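From a predicted model like this one, the values you see are computed outputs, not experimental measurements. In what follows, chains are A, B, ... by sequence order, proteins preceding strands, each numbered from 1.
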Amino acid sequence: LGEESEERDDHLLPM
Amino acid sequence: MAEAEGESLESWLNKATNPLNRQEDWEYIIGFCDQINKELEGPQIAVRLLAHKIQSPQEWEAVQALTVLEACMKNCGQRFHNEVGKFRFLNELIKVVSPKYLGDRVSEKVKSKIIELLYSWTVALPDESKIKDAYYMLKRQGIVLSDPVIPAESTLIPSPPARPKNP
């Protein structure tokens, strides 16, 4: 579950 | 090496990236890699420390940190690749090359090394899709104009994978 939420929070920097 | 017993990831990296080093010191670089492999959360901690050093205003410190990063990619295996392959870390590299963040204050040497590393990983680690996303975003932004030429000895793959032969 922890890994899933980490995946959701991992975004490419807005440019 | 008895003195190495109490070394932490941070102390290894400080030595490996010390701006007073006359040249890259491979004893410390490998010491850092070995320490990552020993610690349960080694890769997670290491990428955080590396990102900070790579963003150093001192060019030599940043260049050495990139050499350490490259060495870790070769020596610390899948666990380390997974951490580098997250936007959380890739964004820290993007900040260094992008003029919207630190790019205007960073030397060409540091920026081109980052772009070379990113490109070499897109080739060597095709399963790390976020590395590709980050690299192609830099291309779309015009920050990367053409793919760098990667020297053969710099490629990440330690040995070619065995290819199944047709009977």
Open item on the list: Could you measure the distance from the CZ atom of B:Phe87 to the CG atom of A:Asp10? Nearest 0.5 Å is fine.
Closed with: 6.5 Å
Task: Greatest number of heavy atom pairs closer than 4.5 Å to chain A - which of B:Lys86, B:Lys100, B:Lys95 - done: B:Lys86
Open item on the list: If you define the side chain from C-beta out and look only at heavy atoms, does anything of B:Ile143 sit under 4.5 Å from A:Met15?
Closed with: yes
Open item on the list: So for atom CD, which belongs to B:Glu24, do other residues, nucleotides or ligands contribute more than 12 heavy atoms lying within a distance under 6.0 Å?
Closed with: yes
Task: Spacing of NE2 belonging to A:His11 relative to CG belonging to B:Asn91, to within rounding of 0.5 Å - done: 10.0 Å
Open item on the list: Check this for me: B:Arg88, atom CZ, are more than 12 non-hydrogen atoms of other residues, nucleotides or ligands nearer than 6.0 Å?
Closed with: no
